J.: 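I have a structure here, written as structure tokens, and I will follow up with some questions on it.
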Amino acid sequence: MESPFDPAQQAADVDPKPEPPHQPDLDACCGNGCDPCIFDLHDLAMDQYRQQLRAWTARQSGGSQS
């Protein structure tokens, strides 16, 4: 039986793990050379997600990464 006070769950509620952005379907691009293309926007969102994930991981480990 789980304790009503679960520090790991409480931490997850306060500082949830970042979620990756949804990848657009291959047919979502209109093919008209839009600037930015929907895939360019997804790439930017993935870069932001990776940065957020690195920061979250560092917080979860207490910042003891070398």
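Given the structure is predicted, the values throughout are model-derived calculations rather than measurements. Residues take their numbers from the sequence shown, with the count starting at 1.
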J.: Would you say the side-chain atoms of Trp56 pair up with the backbone N or O of Asp15, donor to acceptor, closer than 3.5 Å?
T.: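 Flag set: sc Trp56 to bb Asp15 pair under 3.5 Å.
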J.: Rounded to the nearest 0.5 Å, how far apart are CG of Leu44 and NE2 of His42?
T.: 10.5 Å
J.: Would you confirm whether Asp43, through its side chain, and Asp40, through its main-chain N or O, come within 3.5 Å as a donor-acceptor pair?
T.: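 Side chain of Asp43 to backbone of Asp40, a donor-acceptor pair under 3.5 Å: no, none is there.
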J.: Is the shortest heavy-atom distance from the side chain of Cys37 to the side chain of Cys29 under 4.5 Å?
T.: yes
J.: Hey, what do you get for CD (Gln48) to CG (Leu53), rounding to the nearest 0.5 Å?
T.: 12.5 Å
J.: Distance check, rounded to the nearest 0.5 Å: Arg54 atom CZ versus Tyr49 atom OH?
T.: 11.0 Å
J.: So, for Ser61 and Ala58, which heavy atoms are closest and what is the spacing to 0.1 Å?
T.: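 Answer, listing the atom of Ser61 first, then Ala58: OG-O, 3.2 Å.
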J.: Can you tell me how far the CD atom of Glu19 sits from the CD atom of Gln52, to the nearest 0.5 Å?
T.: 11.0 Å
